[in-house]
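Comments concern the structure below.
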Amino acid sequence: MTSPFFLRYRSVKATSLNQTHRDMNAKMVDFGGWDMPLHYGSQLDEHHRVRSGAGMFDVSHMLALDIKGETTRDFLRQLVANNVDKLTQSGKALYSCMLNPEGGVIDDLIIYFLTESHFRLVVNAGTADKDLAWMLARRDEIAPGLEIIPRRDLAMIAVQGPEARARVWQVIAGSQAETENLKLFQATFFDKYFIARTGYTGEDGFEIMLPAVDAVEFWNALHAAGVTPAGLGARDTLRLEAGMNLYGQDMDDTTNPLESGLGWTVELKSDRNFIGKQALLEKPVKQQLIGLILLDRGVLRSHQRVITRPDQNEGEITSGGFSPTLDQSIALARLPLSVSAGDEVQVVVRDKMLRAKVVKYPFVRNGKILV
Amino acid sequence: MNTQNNLKYTKSHEWVRLEDDGTVTIGITQHAQELLGDMVFVETPNVGRKLKRGEECAVVESVKAAADVYAPIAGEVTAVNPELESAPEKINQDAYSAWLFKLKPENTGDLNNLLDYAAYQKLLEAEGD
């Protein structure tokens, strides 16, 4: 095993909040080429604060893209695995993955329906360049008239936790009346803000896009209203507890979404012919993504082997770590379909075999432990 | 940084202290605990285990990552810190009192091959680039 002490990176990209993070004594790390805050002192404190109050994350490294043109919906019907025909009301959002012809996951993304000639997509930071190139090439084949506009002029701040919405209403004067009836996975424009009731922590809250030039002022106002700055470290433990997939770990362009816990985002029933559909129909599904709770002492980490029957390495942890809410180690693992919740498996952790219980995720949702 | 003049150090960020009884006490440095962040699990070697210099012999795991701890010199494990099993966060609170294990050195002279305070500071500066 490599000691992380010696890892050294060179970061090149910075969000509009970079100096603000430094001023708040953030420990900065490279994340997919972006110089981002890992934590502002204690990842654990930030995690608990999001579960009990309100925390905020700079997620401006993710890329928003506007797709404009009369044939946008038809283009998206073919581009992504979920069916954008589910989006009938302006502001409604849909989670989906974008597949390659082999059925592998190019990225997972959120699609917001604004008007028939304007949809907004949000893609991961590390995959943004690859996604954009893929979309432009498919656009040229399928719908040459469409505009695909990267919105690097926008900042994105996620405010999450049971108190999150109230703190945002305090900061954006007049926004409560416009946003308190937003349902989960709905968004609306208010003033210069695009406010979406989405998130990545298993808590209530908003993800807010705004002009990058206004991000520092907004961030500072949220801080003054009692919202705790939280880094990528807490984001990862929160999303793992919430059972949310992380691109590059739980799925990538070599994995099948149906074996990566993403079956609910793949719509196969309609006669819509999306990229990757044929491959998914032809490939037998042999594995599933399911949760683990470690019964012995230790910490589960990604890539550890999971043994479901004696002497057979039949699975692998895709995301593992310590759960601050459960105070024990949890994981997502890709295991054979024969395994089900309640089973006990063994995980190879260095030179030891540790016992783990198979569970259905999410582990935590809205502050409550579910396993 | 709160490193101490009377300790020896390794390039892999262990600290080593020679005790009056001839044993050495080993932990990870303040710099190491800062890099790793909130500690959640510590695995120490069994008492009686004979270690070679550089051998992987303990693991410290933070929320963020697992890191191996290497034997700074050859010797036999004489004690492990029982507090860390239930309270690994003591390493975050004070890296120089939250020791991991003690060794009876094969050869006390091996300590001379380790870094002194000034050399370790230089290493940290070089790594900070």
Side-chain angles (χ1 to χ4, degrees), chain A residues 1-10 25-29 31 37-48 230-241 294 296-304 317 319-331 347 349-352 354, chain B residues 9-15 27-46 49 54-72 80 82 84-93 95 100 115 120 123-129:
Chain A
M1 191 192 310
T2 310
S3 161
F5 299 154
F6 298 104
L7 293 182
R8 285 294 174 270
Y9 301 105
R10 190 165 147 266
N25 295 318
K27 160 84 181 158
M28 304 299 286
V29 293
F31 185 81
L38 181 66
H39 60 74
Y40 301 80
S42 168
Q43 172 174 347
L44 287 178
D45 291 346
E46 292 159 27
H47 179 108
H48 292 307
L232 292 171
R235 189 167 163 81
D236 192 50
T237 49
L238 288 158
R239 74 93 197 162
L240 178 60
E241 288 183 350
L294 184 63
D296 291 325
R297 291 182 68 245
V299 184
L300 301 174
R301 304 281 184 191
S302 57
H303 303 304
Q304 288 169 347
I317 289 179
S319 281
F322 177 77
S323 159
T325 306
L326 276 70
D327 196 25
Q328 62 194 129
S329 187
I330 60 173
V347 184
V349 180
R350 289 178 293 276
D351 54 346
K352 291 197 175 73
L354 303 184
Chain B
Y9 302 89
T10 67
K11 287 178 183 172
S12 48
H13 306 283
E14 290 91 5
W15 59 260
I28 67 166
T29 66
Q30 169 70 10
H31 174 74
Q33 77 78 18
E34 277 179 13
L35 278 181
L36 283 164
D38 298 302
M39 216 61 80
V40 294
F41 176 69
V42 175
E43 186 179 317
T44 46
N46 292 331
R49 181 172 158 191
E55 188 173 346
E56 286 175 16
C57 58
V59 179
V60 288
E61 299 213 34
S62 68
V63 181
K64 179 182 150 203
D68 295 317
V69 177
Y70 305 97
V80 298
L84 296 182
E85 179 163 345
S86 58
E89 67 275 10
K90 283 184 182 293
I91 295 173
N92 298 117
Q93 290 157 5
L100 295 176
L115 305 175
Y120 184 62
L123 176 82
L124 294 186
E125 282 165 26
E127 287 198 352
D129 288 345

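Proteins come first, then strands; the chains are lettered A, B, ... in the order of their sequence lines, and each starts at number 1. In what follows, every heavy atom counts, from backbone to side chain, and hydrogens, waters and symmetry copies are set aside.
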- Item | Listed partners of A:E46 passing salt bridge (Lys or Arg N to Asp or Glu O under 4.0 Å), at least two apart | none
- Query: For B:V40, which residues count as a side chain to side chain contact (heavy atoms under 4.5 Å, CB included) partner, sequence neighbours excluded?
  - Reply: A:V299, A:F322, B:V63
- With A:R301, which residues qualify under salt bridge (Lys or Arg N to Asp or Glu O under 4.0 Å), at least two apart? B:E61
- Ignoring hydrogens and angles, tell me if any N or O in the side chain of A:R297 forms a donor-acceptor pair with the backbone of B:E85 under 3.5 Å. yes
- Query: Do B:E43 and A:K352 sit within salt-bridge range, that is, some charged N less than 4.0 Å from a carboxylate O?
  - Reply: yes
- Message: Please classify the contact of B:V42 with chain A as side chain, backbone, both or neither, using a heavy-atom distance under 4.5 Å.
- Response: backbone
- Query: Taking non-hydrogen atoms and a cut-off under 4.5 angstrom, which of residues 37-45 of chain A neighbour chain B?
  - Reply: A:L38, A:S42, A:Q43, A:L44
